[in-house]
A.B. asks: 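Sending over a structure as structure tokens; questions will come in a sec.
Each chain gets a letter, A, B and so on, in the order its sequence line appears, and its residues count up from 1.
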There are 2 protein chains.
Amino acid sequence: MRKETSTNLENEKLILASCGTSYTLDLIGGRWKPQILWRLLLQGCMRYSQLKNSMPNVSERILILQLRELEQDMLISRQVYPEVPPKVEYRLTELGLSLKPVLCCLSQWGDANRPNRVVSSDSEVLSEEL
Amino acid sequence: MRKETSTNLENEKLILASCGTSYTLDLIGGRWKPQILWRLLLQGCMRYSQLKNSMPNVSERILILQLRELEQDMLISRQVYPEVPPKVEYRLTELGLSLKPVLCCLSQWGDANRPNRVVSSDSEVLSEEL
DNA sequence: TATAGTACTAACATCAATGTAAGTATGAGA
DNA sequence: TCTCATACTTACATTGATGTTAGTACTATA
């Protein structure tokens with residue numbers, strides 16, 4: 001739980017209230033969030049296990065955390081099927097889909113300017129479809 | 001100093017090497033970096049004291065840290081005039097200027113979608129000039 | 001009765017980012 | 001000799017983000 005008061009938190013609030021850029025960065029800036037968003041953009045809909053298997057380095061706790069935050073921020077939706085074993089599907093909301101040009105923009109700048117590119121990135125797969 | 005090895009650091013490296021989106025976010029994602037970049041975009045060139053006075057809530061240490069990181073990442077340049085009292089000017093590099101459309105994109109999405117907007121944001125001033 | 005599969009949760013541990021307070025170097029001008 | 005202004009630096013403290021490990025609930029199937 002975060003503290004209710006601290007300069008740190010106050011500063012964050014002030015910035016989010018006055019800077020749209022920071023607000024957007026706050027929503028998509030978690031370590032694994034870009035990867036999650038790209039996967040859902042590409043696939044449309046994924047089960048929890050699919051996401052987990054496609055990102056071998058995230059721990060389950062962190063993956064869940066990132067998904068919960070994206071859900072709270074209305075960027076993704078979570079659909080539970082009352083079955084056993086459980087089945088949960090994640091997909092982008094309308095708001096999440098509206099991030100597509102933003103993500104493309106970030107991705108293109110990054111791919112154009114980062115050094116030591118090793119592999120082609122997720123975004124390139126999508127870029128070709130645009 | 002960051003540790004040389006840790007899952008945390010390894011994950012970060014892997015992501016930066018494979019995801020352009022995350023790379024871009026890594027460069028501009030510090031708490032005060034968007035504000036610094038917008039100011040330099042708008043003003044072209046600012047002294048350290050000008051930056052500091054225009055952002056009353058940053059501590060000097062943190063402001064310097066963010067400036068140093070932006071400088072290391074080649075987004076801004078730092079020009080020292082050998083005078084007393086000292087004079088230091090910061091401005092965007094070519095690479096930094098190339099972020100303009102990216103910042104506009106982030107800012108527009110944020111301004112359009114965040115709730116509880118109180119004041120007009122820095123970016124709007126610039127948007128009008130585009 | 002035991003095992004398997006799915007999507008988690010809880011308690012704990014570590015690492016990184018941010019913030020606080022005080023101090024430094026320099027030379028011009030009072 | 002003392003103060004002022006500028007652009008920092010240093011040592012320390014706090015906050016927040018990320019990672020580890022073990023465990024849970026549920027039923028169908030072996």
A.B. asks: Answer yes if the side chains of B:Y48 and B:E60 hold a donor-acceptor pair under 3.5 Å, and no otherwise.
C.D. replies: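 Yes, B:E60 and B:Y48 have a side-chain donor paired with an acceptor closer than 3.5 Å.
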A.B. asks: Side chain of A:V88: nearest nucleotide among C:dC8, D:dA7, C:dT18?
C.D. replies: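 Out of C:dC8, D:dA7, C:dT18, the nucleotide with an atom closest to A:V88's side chain is C:dC8.
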A.B. asks: Send over the distance from A:E12 CD to C:dA16 P, rounded to a whole Å.
C.D. replies: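 In whole Å, C:dA16 P and A:E12 CD are 20 Å from each other.
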A.B. asks: Using every non-hydrogen atom in the two residues, find where B:C19 and A:P34 come nearest and quote the distance to one decimal.
C.D. replies: SG-CB, 4.3 Å
A.B. asks: Check whether B:V80 and B:L63 end up in the same hydrophobic cluster, where Ile, Leu, Val, Met, Phe, Trp and Tyr are linked by side-chain heavy atoms less than 4.5 Å apart.
C.D. replies: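 Linked within one cluster.
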A.B. asks: Counting the atoms with a prime plus P, OP1 and OP2 as sugar-phosphate, which does A:E60 contact under 4.0 Å by heavy atoms, base, sugar-phosphate, or nothing?
C.D. replies: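 Answer is base: heavy atoms of A:E60 come under 4.0 Å of a base.
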A.B. asks: At under 4.0 Å between heavy atoms, what does A:K87 touch on the DNA or RNA strands: base, sugar-phosphate, or nothing?
C.D. replies: sugar-phosphate
A.B. asks: Could you state the atom-to-atom distance from NZ of B:K52 to P of D:dC8 in whole Å?
C.D. replies: 10 Å
A.B. asks: Starting at atom CD1 of B:I64, determine the distance to atom P of C:dT20, rounded to an integer number of angstrom.
C.D. replies: 16 Å
A.B. asks: Could you tell me whether the phosphate oxygens of C:dT14, OP1 or OP2, come under 4.0 Å of any side-chain nitrogen or oxygen in B:T7?
C.D. replies: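 No, outside the criterion.
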A.B. asks: Give the nucleotide from the list D:dG16, C:dC15, C:dC8 with an atom nearest to the side chain of B:S6.
C.D. replies: C:dC15
A.B. asks: From the set D:dC8, C:dA7, C:dC8, return the single nucleotide nearest to any side-chain atom of A:R78.
C.D. replies: C:dC8
A.B. asks: Heavy atoms from C-beta onward define the side chain here; which of C:dA7, C:dA16, C:dT9 lies closest to that of B:L9?
C.D. replies: C:dA16
A.B. asks: Can you tell me which nucleotide in C:dT20, D:dG19, D:dT6 comes closest to the side chain of B:S59?
C.D. replies: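 Nucleotide nearest to B:S59's side chain: C:dT20.
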A.B. asks: Side chain of B:R31 only, please: which of C:dT18, D:dA5, C:dG5 is the nearest?
C.D. replies: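 Of the candidates, C:dT18 comes closest.
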A.B. asks: Starting at OH of A:Y81 and ending at P of C:dA7, how long is that distance when rounded to a whole Å?
C.D. replies: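 It works out to 12 Å between those atoms.
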A.B. asks: Between A:Q50 and C:dT6, is there a contact of a side-chain N or O with OP1 or OP2 at under 4.0 Å?
C.D. replies: no
A.B. asks: Can you check the A:E89 CD to C:dC8 C1' distance for me, whole Å?
C.D. replies: 17 Å
A.B. asks: In whole Å, what is the span from the CD atom of A:E10 to the C1' atom of D:dG16?
C.D. replies: 15 Å
A.B. asks: Can you measure from CG (B:D111) to OG1 (A:T21) and round to the nearest 0.5 angstrom?
C.D. replies: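 Going from the CG atom of B:D111 to the OG1 atom of A:T21 covers 7.0 Å.
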A.B. asks: Please figure out whether A:L65 or B:S49 has its closest DNA chain D nucleotide nearer the 5' end.
C.D. replies: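 Nearest nucleotide further toward 5': that of B:S49.
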A.B. asks: Does the D:dT9 base have a donor-acceptor partner in the side chain of B:R61 within less than 3.5 Å?
C.D. replies: no
A.B. asks: Rounding to an integer number of Å, can you tell me how far B:R47 CZ sits from D:dA5 P?
C.D. replies: 13 Å
A.B. asks: Counting side-chain heavy atoms from CB outward, which of C:dT18, C:dA16, C:dG5 is closest to B:I62?
C.D. replies: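 Nearest to the side chain of B:I62 among the choices is C:dT18.
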A.B. asks: Between B:G29 and A:V84, which residue's closest nucleotide on DNA chain C lies nearer the 5′ terminus?
C.D. replies: A:V84
A.B. asks: Are OP1 or OP2 of C:dC8 and a side-chain N or O of A:Y90 less than 4.0 angstrom apart?
C.D. replies: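 Yes.
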A.B. asks: So, does B:R68 get its side chain near the phosphate of D:dT9, meaning an N or O under 4.0 Å from OP1 or OP2?
C.D. replies: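 Looking at the OP1 and OP2 atoms of D:dT9, one of them is under 4.0 Å from a side-chain N or O of B:R68.
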A.B. asks: Please report the distance, rounded to the nearest Å, between CG in B:N57 and C1' in C:dT18.
C.D. replies: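 Rounding to the nearest Å, CG of B:N57 and C1' of C:dT18 are 13 Å apart.
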A.B. asks: Report yes if a side-chain nitrogen or oxygen of A:Q66 is closer than 4.0 Å to either non-bridging phosphate oxygen (OP1 or OP2) of D:dT18; otherwise report no.
C.D. replies: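 The answer is yes; a side-chain N or O of A:Q66 sits under 4.0 Å from OP1 or OP2.
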A.B. asks: Return a table of donor-acceptor pairs under 3.5 angstrom between the side chains of residues 92-99 of chain B and protein atoms on other chains or two or more places apart.
C.D. replies:
residue : atom : partner : partner atom : Å
B:T93   : OG1  : B:M74   : O            : 2.5
B:T93   : OG1  : B:L75   : O            : 3.2
B:T93   : OG1  : B:L95   : N            : 3.3
B:T93   : OG1  : B:G96   : N            : 3.0
B:S98   : OG   : A:W109  : NE1          : 3.0
B:S98   : OG   : B:L95   : O            : 2.5

A.B. asks: For C:dG19, does either OP1 or OP2 sit under 4.0 Å from a side-chain N or O belonging to A:N11?
C.D. replies: yes
A.B. asks: Is a donor on one side and an acceptor on the other found under 3.5 Å between the side chain of B:R114 and the backbone of A:A17?
C.D. replies: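 Yes, B:R114 side chain to A:A17 backbone: donor-acceptor pair under 3.5 Å.
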